[in-house]
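Predicted, not measured: the structure shown is a model, and the values here were computed from it.
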Amino acid sequence: MKHFATMVAAAAMTMQLASGALAEDVTLDILYAQPGFAKFHDPIAQAFMKEHPDIKIHFRAPAKDYDEGHLLMQRLAVTNQLPDMYFPGYHLLGELARTLAKRDQIIDLKPLLDAEPEEWKKENYSESMLQLGIVDGVKYGMAFNASLPILYVNETAVEKAGLDPKEIPGDWNELLERASKIHTADPKVTGIGYTIYDWPDDWLWQTILRQQGAQLVDPDTGKAGFDNEKGLEALKILRRIVTEGGETLLEFEQARQQFAAGQTAYFIDTPARLAQIIDLVGDRFALNTAKVPLNDEETGGLPTGGSAGIILTADAAKQKAAWEYLKFATGPQGQTIVVETTGYLPTNKLAQGPDYLAPFYEKEPRFATVASQMDLARPWEGYPKGSSVRIWRAQRDIISKVMRGDVTPEDGLASLVQTTNEMIK
């Protein structure tokens, strides 16, 4: 009997250990935007699972872009079919977090951060990066990827027009003058490409505003922050891109292909496509990158694109696993993968060190351009009362008409301001 009792106890303990092990196995259901970003999401997940074999990562089919992902998340919130984690664009995080917080569908990351060693936080994250992801004083998101627009330069086309390809334009007037000379010298070459008219979100619109010190929203009135001379100048620049620079208003992926084919001299785009464009260009022409010029050196800046990781699951075990995944994805190993496969700015301090990206930047300085603009980083704003996606799509239609010459910049500004203020209400 004694022997039997021992066997039963041993069997019970084995079953308990087995069930405990199963209970520790967690699968995280994750959604992100932009299918092309699988090139870094997938290897990060694989590297993480290798270190954490008890946590499995499952990605849902990616949303087309940040705006489409935002609309999808709003629908999933209503039907209570949210993923365990999501990566919203910074400009939409506020609107989404407020929606989810009302339904208790998003968690505050501050207690998780506070539980980590202080020295670890200081080593890994700058205060500016920790500030990204805060909405109404609550830390909902961890900065996962970050970008500032950069100027792609076809040095071969610039040199053929008799200009010094290493000379960086000091402001937009100088950039447009150079673009005009290039396009005049060879009408088959577009002097400058700026695909704001087809861009899926308002990042390039905020770029042209921010570079001269204008804002999307007036913090005092809550209305359009570009109802002024700076807003008018922004639209005049956009029209000049067509009339002087020869922009042909292609769909933005076609415009990228045109640049890669050597038919555009200057191209303002996200650094997230830098590795892709380098591969597309090959040895077709001399490709370099440069800072985006500012019209206002004192108050001008550039909007910080990219996304933050948020945790939505209410399950305690999944929350713990999701936090481990966020730390890894925003840590030096995850950020090294992001930067080397794209051109994004690393959101982790250690990632820039000698054990990670420093040798890569030394070998490939074109990837370091975005980091050289860090002092120009400004928030990628959203509208305080929401509807950012709808507002941008209405604005984009008006901006396109200005660029095509269907309306004047003056009339376009009046229409933009009226439409924006009405939709903000």
Side-chain angles (χ1 to χ4, degrees), residues 66-67 88-97 125-137 139-151 169-172 175 194 196 199-231 233-235 237-238 268-272 289-308 343-349 368-384 388 391-392 395 399 416 420 424:
Y66 289 134
D67 283 12
Y90 295 123
H91 65 309
L92 298 171
L93 174 59
E95 182 179 338
L96 181 61
Y125 305 107
S126 66
E127 191 57 36
S128 61
M129 285 299 166
L130 287 176
Q131 287 299 311
L132 290 173
I134 293 178
V135 179
D136 301 332
K139 178 66 175 172
Y140 288 119
M142 288 289 287
F144 170 60
N145 48 22
S147 67
L148 300 169
I150 59 173
L151 184 65
D171 58 28
W172 276 83
L175 175 59
Y194 194 75
I196 183 173
W199 203 256
D201 51 55
D202 69 358
W203 188 56
L204 289 181
W205 172 231
Q206 293 200 38
T207 295
I208 204 72
L209 293 175
R210 284 286 194 179
Q211 61 84 24
Q212 52 195 27
Q215 288 184 262
L216 191 71
V217 179
D218 186 315
D220 296 325
T221 66
K223 295 182 178 181
F226 45 85
D227 185 11
N228 46 44
E229 284 300 316
K230 290 184 177 181
E233 181 60 25
L235 291 179
I237 288 172
L238 295 177
I268 294 177
D269 200 358
T270 170
T289 61
K291 294 181 179 181
V292 172
L294 304 182
N295 277 356
D296 191 323
E297 292 284 349
E298 291 186 13
T299 63
L302 299 170
T304 306
S307 65
Y344 267 128
L345 177 76
T347 60
N348 183 282
K349 289 162 66 177
T369 296
V370 64
S372 71
Q373 300 180 134
M374 266 308 294
D375 59 331
L376 302 177
R378 302 290 185 270
W380 186 8
E381 294 180 273
Y383 292 93
S388 295
I391 292 172
W392 166 240
Q395 291 173 332
I399 290 169
L416 265 179
T420 302
I424 284 176

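Not one N or O on the side chain of K139 forms a donor-acceptor pair closer than 3.5 Å with the backbone of Q131. Between the side chain of Q373 and the backbone N or O of V292 there is at least one donor-acceptor pair closer than 3.5 Å. Side-chain atoms of T289 never come within 3.5 Å of backbone atoms of L151 as a donor-acceptor pair (strictly under, hydrogens ignored).
Between T207 atom OG1 and L294 atom CG the span is 10.5 Å, to the nearest 0.5 Å. A distance of 11.0 Å separates NE2 of H91 from CG of L96, quoted to the nearest 0.5 Å. The CD1 atom of I268 sits 9.5 Å away from atom CG of L302, with the distance rounded to the nearest 0.5 Å. Separation of atoms OG1 (T347) and CG (L130) is listed at 10.0 Å; rounding is to 0.5 Å. Put simply, CG on D269 and OG on S147 are 9.5 Å apart, with the number rounded to the nearest 0.5 Å. Atom-to-atom distance recorded for M142:CE and S307:OG is 12.5 Å, nearest 0.5 angstrom.
Remark: S372 engages no residue in a side-chain hydrogen bond (donor to acceptor under 3.5 Å, both in side chains) (not counting sequence neighbours). Residues satisfying the side chain to side chain contact (heavy atoms under 4.5 Å, CB included) test with A308, not counting sequence neighbours, are Y90, L93. Judged as a side-chain hydrogen bond (donor to acceptor under 3.5 Å, both in side chains), and not counting sequence neighbours, the contacts of D296 are T299. Taking K223 as the reference, T221, N421 meet the side chain to side chain contact (heavy atoms under 4.5 Å, CB included) condition, with sequence neighbours excluded. Here E381 pairs with R210 under the salt bridge (Lys or Arg N to Asp or Glu O under 4.0 Å) rule; sequence neighbours left out. Residues satisfying the salt bridge (Lys or Arg N to Asp or Glu O under 4.0 Å) criterion with D136, sequence neighbours excluded, are R98. Not counting sequence neighbours, the partners of T420 by the side chain to side chain contact (heavy atoms under 4.5 Å, CB included) test are A224, F226, Y383, I391, Q395, I424. Applying the side-chain hydrogen bond (donor to acceptor under 3.5 Å, both in side chains) test to W203 and every residue at least two apart in sequence or in another chain returns nothing. Applying the side chain to side chain contact (heavy atoms under 4.5 Å, CB included) criterion to D227, with sequence neighbours excluded, gives V417. Contacts of Y194 classified as ring pair (Phe, Tyr, Trp, His ring centres under 6.0 Å), with partners at least two apart in sequence or in another chain: W172. Judged as a side-chain hydrogen bond (donor to acceptor under 3.5 Å, both in side chains), and not counting sequence neighbours, W205 has no contacts. Contacts of D202 classified as salt bridge (Lys or Arg N to Asp or Glu O under 4.0 Å), with partners at least two apart in sequence or in another chain: none.
Under the 4.5 Å side-chain criterion, counting only non-hydrogen atoms from C-beta, D67 is not in contact with P200. Within the 4.5 Å cutoff, the side chain of I208 has no heavy atoms near those of the L235 side chain. Counting heavy atoms from C-beta outward, L132 and Y125 have side chains that stay 4.5 Å or more apart. Side-chain contact between Y140 and I134 is absent, with no heavy atoms from C-beta onward closer than 4.5 Å.
Note on ring orientation: taking the six-membered ring where Trp is involved, the planes of W380 and Y66 are perpendicular (angle over 60°, cut-offs 30° and 60°).
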Could you go step by step and tell me if M129 and T304 meet the side chain to side chain contact (heavy atoms under 4.5 Å, CB included) rule? CA-CA 11 Å; M129 285 299 166; T304 306; 5.7 Å; no
Show the numbers, then the answer: is there a side chain to side chain contact (heavy atoms under 4.5 Å, CB included) between Q212 and D171? CA-CA 10 Å; Q212 52 195 27; D171 58 28; over 6 Å; no
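Nearest heavy atoms, V217 versus G382: CG2-O, 4.4 Å. Annotation for Q211 and N295: closest pair OE1-N, 2.7 Å, computed over non-hydrogen atoms. Taking each heavy atom of L148 and P303 in turn, the nearest pair found is CD2-O, 3.5 Å. For the pair P293 and P169, the tightest heavy-atom approach, listed with the atom from each and the gap, is CB-O, 3.7 Å. Across all non-hydrogen atoms, the minimal contact from S388 to L92 is CB-CD2, 3.6 Å. K230 and A214 get closest at one heavy-atom pair: CB-CB, 3.9 Å.
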